[in-house]
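Okay, so here's the structure we're looking at.
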Protein chains: 2
Amino acid sequence: MNDKYESIRLRNQLCFPLYAVSNMITRKYKPLLDELDLTYTQYIVMMVLWEEEKVNEKLLCETLCLKSNTVAPLLKKLESKGYIKKSKDSDDERNIIISLTKTGEKLKDKALDVPKGIACRINLSKEEAMTLYKILYKMLDEDKKEGD
Amino acid sequence: MNDKYESIRLRNQLCFPLYAVSNMITRKYKPLLDELDLTYTQYIVMMVLWEEEKVNEKLLCETLCLKSNTVAPLLKKLESKGYIKKSKDSDDERNIIISLTKTGEKLKDKALDVPKGIACRINLSKEEAMTLYKILYKMLDEDKKEGD
DNA sequence: CTGAATTATATCGCATACGATTTAATTTTG
DNA sequence: CAAAATTAAATCGTATGCGATATAATTCAG
């Protein structure tokens with residue numbers, strides 16, 4: 001059984017369940033986010049804005065661990081939905097500042113239903129959830145360190 | 001600090017780091033998989049085939065937790081690269097059977113370098129990796145149960 | 001045994017994700 | 001202070017991921 005191909009068996013991968021769970025999560029969010037007319041990625045952008053009011057595009061990309069060429073079309077979409085608006089930093093015209101519109105701000109209260117809806121669809125104990133959270137952030141932090 | 005919006009703060013989400021780590025993983029695999037002319041998703045398809053020799057398309061989708069409309073273009077791509085071939089089950093012509101070509105089979109040995117290359121890029125202890133693995137599969141299993 | 005329901009793929013459209021390249025604004029340097 | 005280097009976005013091309021719909025093969029029901 002312990003043949004030389006053990007390391008490339010799907011069941012022995014750590015990365016595969018990470019990938020599969022991530023896809024699963026997005027699927028579970030969909031019906032809840034449809035109520036807000038948001039996709040999952042659009043939702044995490046909005047979460048940043050509900051917290052920060054204003055955010056620079058580059059910082060937003062770093063916060064979400066996404067490249068600017070992923071975020072750019074997203075912002076365009078959210079703008080066309082009337083949830084956000086863009087402006088330029090007058091000190092440095094290269095910097096785009098994203099902020100909420102009134103409509104986007106209003107969505108914040110409606111969004112409170114989403115975490116409740118998700119929690120009951122993910123059956124983890126508090127301990128498991130906390131353990132998972134810590135390990136995942138450790139991985140993200142390690143990665144950020146390497147990026148220097 | 002404990003305002004009513006705590007639950008929609010990005011930092012309080014469990015799903016966001018899952019999503020971000022999954023993207024990170026795919027990025028880390030890329031340079032290694034470029035050597036095999038495979039993307040990450042194509043790689044996990046090949047892993048199933050290196051293990052099974054032959055696999056039915058529907059079963060493949062279930063194994064990878066992907067929908068058939070994601071897997072179908074992937075298989076087309078792998079076929080055009082000459083790594084796999086498709087045939088129909090003579091008992092039930094609706095069933096597509098995927099199998100490796102000689103070229104696809106040969107790639108298996110080259111693929112052994114990939115797990116080594118990844119391991120050193122993910123700094124988790126054996127215990128953390130095992131804990132993570134178990135929690136993730138618990139989530140996938142729970143999800144599969146609900147699907148009934 | 002034939003029309004209806006079921007099942008396995010295929011196709012279409014939309015929304016990411018990212019590497020590579022380009023463009024525009026700012027900073028650095030000689 | 002003007003050319004070069006740097007930086008922030010925008011654009012392009014390729015590869016997913018999935019809901020919805022269509023198609024083809026099989027099974028089921030009367």
Side-chain angles (χ1 to χ4, degrees), chain A residues 16 19-34 36-46 55-81 86-98 143 147, chain B residues 16 19-34 36-46 55-81 86-98 143 147:
Chain A
F16 168 66
Y19 162 87
V21 167
S22 175
N23 287 339
M24 182 189 88
I25 295 290
T26 308
R27 279 194 300 270
K28 283 185 189 292
Y29 266 99
K30 185 164 191 317
L32 297 165
L33 293 177
D34 279 350
L36 311 183
D37 190 25
L38 290 174
T39 63
Y40 181 71
T41 321
Q42 289 164 11
Y43 175 60
I44 61 176
V45 171
M46 293 302 287
V55 70
N56 161 271
E57 182 167 330
K58 186 177 151 57
L59 185 61
L60 180 63
C61 294
E62 279 164 19
T63 306
L64 302 179
C65 309
L66 291 171
K67 306 295 171 189
S68 87
N69 53 356
T70 296
V71 174
L74 249 140
L75 295 177
K76 214 171 261 181
K77 196 78 200 181
L78 287 172
E79 200 181 14
S80 79
K81 286 183 184 177
K86 296 201 242 182
S87 58
K88 285 188 179 179
D89 183 344
S90 52
D91 288 342
D92 186 336
E93 297 255 319
R94 287 171 305 183
N95 285 299
I96 304 286
I97 312 287
I98 321 290
D143 186 52
Chain B
F16 169 66
Y19 162 86
V21 166
S22 175
N23 287 339
M24 181 189 89
I25 296 291
T26 308
R27 281 195 299 271
K28 283 186 189 290
Y29 266 99
K30 184 163 192 316
L32 297 165
L33 292 177
D34 280 349
L36 311 182
D37 189 25
L38 289 175
T39 63
Y40 181 71
T41 322
Q42 288 165 12
Y43 175 61
I44 61 176
V45 171
M46 293 301 287
V55 69
N56 160 270
E57 185 169 326
K58 184 175 153 58
L59 184 61
L60 179 63
C61 294
E62 279 165 18
T63 306
L64 302 179
C65 309
L66 291 172
K67 307 293 172 190
S68 87
N69 51 357
T70 296
V71 173
L74 249 140
L75 294 177
K76 214 173 259 182
K77 194 79 200 181
L78 286 171
E79 198 180 15
S80 79
K81 286 183 182 176
K86 295 199 241 181
S87 58
K88 285 188 178 179
D89 183 345
S90 52
D91 288 343
D92 185 337
E93 297 256 319
R94 288 172 305 182
N95 285 297
I96 303 287
I97 311 287
I98 321 291
D143 187 52

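Note on naming: letters A, B, ... go to the chains in the order of the sequence lines (proteins, then strands), and numbering restarts at 1 for each one.
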- request: Could you pull out all residues at least two apart from Lys30(B) that satisfy salt bridge (Lys or Arg N to Asp or Glu O under 4.0 Å)?
  value: Asp34(B)

Throw together a table of side-chain donor-acceptor distances under 3.5 angstrom for residues 61-77 of chain A, partners on residues two or more places apart or in other chains.
residue	atom	partner	partner atom	Å
Glu62(A)	OE2	Lys58(A)	NZ	3.1
Thr63(A)	OG1	Leu59(A)	O	2.7

query: Looking at residues at least two apart in the chain, or sitting in another chain, which of them share a side chain to side chain contact (heavy atoms under 4.5 Å, CB included) with Glu79(B)?
result: Ile84(B), Lys86(B)

- line: With sequence neighbours left out, the residues meeting side-chain hydrogen bond (donor to acceptor under 3.5 Å, both in side chains) with Arg27(A) are none

Partners meeting salt bridge (Lys or Arg N to Asp or Glu O under 4.0 Å) with Asp91(B) (sequence neighbours left out): none

message: So, using side-chain hydrogen bond (donor to acceptor under 3.5 Å, both in side chains) as the criterion, who are the partners of Asp89(B) when residues are at least two apart?
response: none

Qualifying residues under ring-ring contact (aromatic ring centres under 6.0 Å, His included), relative to Tyr19(B), sequence neighbours excluded: Tyr40(A)

message: Please encode protein proximity along nucleotides 8-20 of chain D as a string of B, S and -, counting only heavy-atom distances under 4.0 Å.
response: SSSBB--SSBBBB

statement: Students should find that the nucleotides of DNA chain C closing off the region near chain A, any atom under 4.0 angstrom from a heavy atom, are dA15(C) to dT26(C)

